[in-house]
Amino acid sequence: MTIFPPDPDFEALRLELARLRAARGWSYDELAARSGLARRTLIEIEQGRTIGTLKTWHALAHALSTPLDEFFSTLCNGHELPSKADG
């Protein structure tokens, strides 16, 4: 029997990005300058039109001084995080 993981909460991930950006008072232009990403990419992620790549999220984490695991833990909103003992 195959057990599939729960669906990731991409909405929570994009909302966390928006929250962190707003908490710093940064515009899309400011975050783009600090992350090296295109303003359009940031808008598309925050508006849910794209998910972004791991490289994109890595750049955002560095720009926002937020550990990548904190960003990605939001993907598990509504279900339990996997434990280190699992697997």
Side-chain angles (χ1 to χ4, degrees):
M1 174 171 148
T2 303
I3 300 174
F4 295 101
D7 288 336
D9 188 347
F10 291 114
E11 175 78 0
L13 182 62
R14 76 172 189 83
L15 290 174
E16 180 65 3
L17 171 60
R19 186 192 71 74
L20 290 169
R21 184 178 62 78
R24 288 159 178 76
W26 293 354
S27 65
Y28 289 119
D29 290 326
E30 179 71 19
L31 183 53
R34 291 173 178 262
S35 66
L37 300 169
R39 179 178 189 272
R40 179 179 176 162
T41 298
L42 301 174
I43 292 169
E44 287 182 352
I45 290 171
E46 277 196 23
Q47 292 182 353
R49 289 185 276 182
T50 187
I51 295 170
T53 65
L54 182 56
K55 186 175 179 177
T56 299
W57 287 101
H58 184 252
L60 289 168
H62 277 276
L64 293 161
S65 298
T66 301
L68 199 55
D69 63 333
E70 285 183 27
F71 259 135
F72 286 163
S73 69
T74 62
L75 291 170
C76 293
N77 281 358
H79 61 268
E80 194 173 317
L81 286 167
S83 70
K84 293 185 189 250
D86 293 345

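These numbers were taken from a predicted model, which means no experiment stands behind them.
- Cluster membership for Leu15 and Leu17, using ILVMFWY side-chain heavy atoms within less than 4.5 angstrom, is not shared.
- Within the structure, no pair that satisfies the salt bridge (Lys or Arg N to Asp or Glu O under 4.0 Å) test touches residues 50-79, not counting sequence neighbours.
- Checked by atom type and distance alone, the side chain of Trp57 never pairs as donor or acceptor with a backbone atom of Phe72 at under 3.5 Å.
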Identify all side-chain donor-acceptor contacts of residues 59-67 below 3.5 Å with residues at least two apart in sequence or on another chain.
| unit_1 | atom_1 | unit_2 | atom_2 | d |
| --- | --- | --- | --- | --- |
| His62 | NE2 | His58 | NE2 | 3.2 |
| Thr66 | OG1 | Leu64 | O | 3.1 |

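- At distances below 3.5 Å, not a single donor-acceptor pair connects side-chain atoms of Arg49 with backbone N or O atoms of Ile45.
- Rounding to the nearest 0.5 Å gives a distance of 4.5 Å between OG1 of Thr74 and CG of Leu13.
- Side-chain contact between Leu54 and Leu68 is present, with at least one heavy-atom pair separated by less than 4.5 Å.
- Smallest separation of non-hydrogen atoms from Phe71 and Glu16: CD2-CG, 4.2 Å.
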Less than 3.5 Å apart, which donor and acceptor atoms pair up between the side chains of residues 34-43 and the rest of the protein, not counting sequence neighbours?
| unit_1 | atom_1 | unit_2 | atom_2 | d |
| --- | --- | --- | --- | --- |
| Arg34 | NE | Glu30 | OE2 | 2.4 |
| Arg34 | NH2 | Glu30 | OE2 | 3.0 |
| Ser35 | OG | Leu31 | O | 2.8 |
| Ser35 | OG | Leu37 | N | 3.2 |
| Arg39 | NE | Asp29 | OD1 | 3.0 |
| Arg40 | NE | Glu44 | OE2 | 3.0 |

Report task. Would you sort out whether Gln47 and Arg14 count as a side-chain contact (heavy atoms from CB on, under 4.5 Å), showing the intermediate values? Result -> CA-CA 8 Å; Gln47 292 182 353; Arg14 76 172 189 83; 5.7 Å; no

